[in-house]
Structures are given as C-alpha cells and as structure tokens.
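To keep things clear, I will list the structure first and then write my remarks on it.
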Amino acid sequence: MVLVKVFHDGADAFAYLKEDPVDIILSDIRMPNMTGLEMLARLRDSASENAADDLSRIKAIFLSGYSDFKFAQEALRLGAVDYLLKPSELVDIENAILKAKALCTSDGVHQFKQSSSTEPSEEPGSYLIKKALNYIHAHFAEEIHLADIANELFITPNYLSRLFRQETGQSFSDYLTRIRINKACSLIVESNMKIYQIGDVLGYTNSRYFSEWFQKNTGMSPVEYRRRHT
C-alpha cells in the first residue's frame, strides 16, 4: 500500500481523484472549499454519470472531530467503510484501512468474474430486485418501508414483496434487519463510537430500544458483544 497524495483542500482532492482514481481515501469532514462528504458524493455522482468503475469502487474512511450523527449517517449512506471520531487510536485507523483493502480485493475478484461470465443479461425481476437492494443499502439507516421502494420502482408493494422473497429467499423486513445488524456489529467492534451513538447512526434514537433490538437479534447486548469481539 502506497500513500499517493495529501491534500488540505477538498476541491483539489476531488479534481485529482477524478483524473487519477485511487483505491482508498482517508478524509476529514471539514476541509476548505469542499467537505469530505461532498467530495465523496460528487465522486459517486461522477461514477454514475460516466460509468467510471474506478470512481465507484473508491473506498472512503472518514476521520473527524465532529460527533454529529448526521455526518456519520451521511457517510454510511455514501458507502463509507468507516467513520472514526478524533482522537482515534492508531490501531483503529489501521483496522479501517485493512477493512477497506479487503473490500478492494473483493471488488477486484467480483469484477473479474463478471468480465469472464458468458451468462445472459439480467431478467426484469432480477433487475428490479437489484434496484431495490441498492435503495436499501443507501437508506438502511432511515425509516424505510417496502411501499417506499415499490413507489420508486413503479410497482405494487405486493408484487415487490413476492419478487423480493423469490429472488433473495428472505422477506424485505428480514433483509433490512440483517443489513442493520451487520452494520451495528461492525461499528460496535471496529469503531470507537459509544453504543448510543451507534444506535443514533442506525436511526434508533432511543438507546434502550436499540439495545433491546440488538439483543433480540443477536442474543447479547451491544456491550457484551463488544466485550466478546474486541
């Protein structure tokens, strides 16, 4: 792993990354001319508009002194690997970078398999579910319902429900719960955020409810889970 460039200006970093994409960026939230979140959002938009896979695969880690949970939620919505609060231990930063590196490797294998595949293009049902899954992963920290996604796809909730179970083998609610639990477990083990902060990031403003929900789905409290896995 090689350090490519250091920037103190978000706009300069964005301009550089559009021309010379990297695998991983470690960014602050507040920077002159462009915030780290805006920079990542614009990189994602550029990837969507230009089908530039290099931009879409960039892994971002945010290191910030701001504990405002809206920042953390936005970072997760944009697909950030981690959101670390300052001051952060060096080991936490190293773990986040290793996680990002592993995701880069996984993406590379997935791209190779796709380019080597001779299977026909997706059926309409699979395409709809792919769009639904993308929506869930982008909004899982918000209060979302099956009807919201059905409206986005211009289909009925009942049809989406049947299609979702047929394509994924799970109900919408079970899939959403699994995504949230996986993210909660990741933040509990790999971040230095407090338990109530993690609950807020995932949309559970009542810390007691979040702890009860987590224990119901994992068999242990968030505190116990952190103690056993760190």
Side-chain angles (χ1 to χ4, degrees), residues 1 3-14 16-18 21-31 33-48 52-108 110 133-142 144 176 178-204:
M1 187 173 296
L3 177 62
V4 177
K5 206 84 171 178
V6 176
F7 292 95
H8 300 286
D9 185 298
D12 288 345
F14 173 72
Y16 177 86
L17 291 169
K18 281 197 68 176
V22 299
D23 293 319
I24 302 170
I25 56 176
L26 179 63
S27 175
D28 205 336
I29 294 294
R30 294 294 190 190
M31 295 185 291
N33 296 316
M34 186 183 294
T35 69
L37 292 175
E38 182 184 354
M39 177 181 69
L40 183 58
R42 292 183 64 177
L43 287 172
R44 299 296 190 230
D45 289 342
S46 296
S48 176
D53 289 338
D54 286 340
L55 289 176
S56 66
R57 291 199 303 271
I58 290 177
K59 309 304 177 191
I61 301 165
F62 286 105
L63 184 66
S64 177
Y66 292 86
S67 59
D68 190 321
F69 306 128
K70 291 181 179 179
F71 288 137
Q73 282 185 319
E74 180 65 9
L76 292 176
R77 188 187 72 79
L78 291 169
V81 173
D82 213 336
Y83 184 97
L84 303 176
L85 295 178
K86 297 177 183 177
S88 296
E89 297 291 338
L90 180 60
V91 66
D92 293 329
I93 299 174
E94 290 176 342
N95 287 338
I97 292 174
L98 288 174
K99 180 180 176 182
K101 184 178 179 181
L103 289 172
C104 288
T105 301
S106 176
D107 282 356
H110 179 66
L133 295 181
N134 287 339
Y135 186 94
I136 292 172
H137 283 270
H139 300 277
F140 72 87
E142 305 168 16
I144 58 173
L176 179 59
R178 182 170 65 84
I179 293 299
R180 286 173 171 168
I181 283 292
N182 287 345
K183 180 55 68 174
C185 290
S186 176
L187 290 174
I188 288 170
V189 174
E190 300 173 12
S191 79
N192 60 350
M193 299 174 70
K194 297 183 183 300
I195 299 303
Y196 77 88
Q197 293 175 326
I198 294 172
D200 275 339
V201 167
L202 295 174
Y204 296 96

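Going from atom CZ of F140 over to atom CG of N182 covers 10.0 Å, rounded to the nearest 0.5 Å. The CG atom of L17 sits 10.0 Å away from atom CG of L40, with the distance rounded to the nearest 0.5 Å. Remark: I195 CD1 to L187 CG distance equals 9.5 Å, nearest 0.5 Å. Separation of atoms CD1 (I136) and CZ (R180) is listed at 9.5 Å; rounding is to 0.5 Å. Atom OH of Y83 and atom CD of Q197 lie 9.5 Å apart (nearest 0.5 Å). Once rounded to the nearest 0.5 Å, the distance linking CG of L176 with CG of L133 reads 11.0 Å.
Side-chain contact between V4 and Y16 is present, with heavy atoms from C-beta onward closer than 4.5 Å. The shortest side-chain heavy-atom distance between D82 and L63 does not fall under the 4.5 Å cut-off. The shortest distance between side-chain heavy atoms of K5 and V22 does not fall below 4.5 Å. For the pair F71 and T35, the minimum side-chain heavy-atom distance is 4.5 Å or more. Using a 4.5 Å cut-off on side-chain heavy atoms (C-beta onward), K59 and I25 make no contact.
Taking the side chain to side chain contact (heavy atoms under 4.5 Å, CB included) definition, one finds that A184 meets it with L202, F210, F214, sequence neighbours left out. Shown here are the side chain to side chain contact (heavy atoms under 4.5 Å, CB included) partners of D28, two or more places apart in sequence or in another chain: M31, S64, K86. For D9, the side-chain hydrogen bond (donor to acceptor under 3.5 Å, both in side chains) partners two or more places apart in sequence, or in a different chain, are N33. Every residue two or more places apart in sequence or in another chain was checked for a salt bridge (Lys or Arg N to Asp or Glu O under 4.0 Å) with K194, and none qualifies.
When all heavy atoms are compared, the tightest approach of F62 to A75 is CD1-CB, 3.7 Å. Across A100 and I61, no two heavy atoms sit closer than the pair CB-CD1, 4.1 Å. The two residues P87 and N192 have their closest heavy-atom pair at O-ND2, 3.7 Å. Summarising the geometry of G36 relative to S27, their closest heavy-atom pair is CA-OG, 3.7 Å, with the distance given to 0.1 Å. Nearest heavy-atom pair, I24 versus K101, reported as atom, atom and distance to 0.1 Å: CD1-N, 3.8 Å.
Listed by first and then second residue, the salt bridge (Lys or Arg N to Asp or Glu O under 4.0 Å) pairs that reach into residues 87-98 come to none, sequence neighbours excluded. Contacts classified as salt bridge (Lys or Arg N to Asp or Glu O under 4.0 Å) and involving residues 181-190 (residues at least two apart or in different chains) are given here: K99-E190.
Test I97, V91, N95 against I93 for side chain to side chain contact (heavy atoms under 4.5 Å, CB included) and you get one pass: I97.
S191 places no side-chain N or O within donor-acceptor distance of the main-chain N or O of I188, the cut-off being under 3.5 Å.
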